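As structure tokens, the structure follows; a few thoughts come after it.
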Amino acid sequence: MPVGTQYLTPESGWARYNAQTSTINQVRLNGTWTYVTGDTNWYNNDYYKTSTVGDFIEFVMNSDRLRILISTDNIANQGGTWKVTIDNG
């Protein structure tokens, strides 16, 4: 799917989780993340957000597939670059 595609439901063969689910072994939020609830525009009506450069998230899990869906807020001049590292690479 092209960048910017809206995923209203998981694609065939994929399951959707958020950081509050027990199926991910561990999620480590490093920095000044805020947990937001009650927003019906998001999966499970919740999400984490930060506007601090250098904040990062670690997922500890065993899987052969990973897809991270993110959003950036260009109106508020937030977001921008995301770096993804797998297996401490």
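In this text the structure is predicted, and so the values were computed from the model without any measurement.
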Exercise. If you measure from NZ on Lys49 to CG on Asp55, what distance do you get to the nearest 0.5 Å?
Worked result: 13.0 Å
Problem set entry | Ring geometry between Tyr48 and Tyr35 (parallel below 30°, tilted from 30 to 60°, perpendicular above 60°) | tilted
Problem set entry | Taking every non-hydrogen atom, the tightest pair across Leu29 and Ile57 | CD2-CG1, 3.6 Å
For this session: Working to the nearest 0.5 Å, report the span between CH2 of Trp33 and CZ of Phe56.
Result: 10.5 Å
For this session: Find the distance between CG (Asn30) and OG1 (Thr52) and round it off to the nearest 0.5 Å.
Result: 12.5 Å
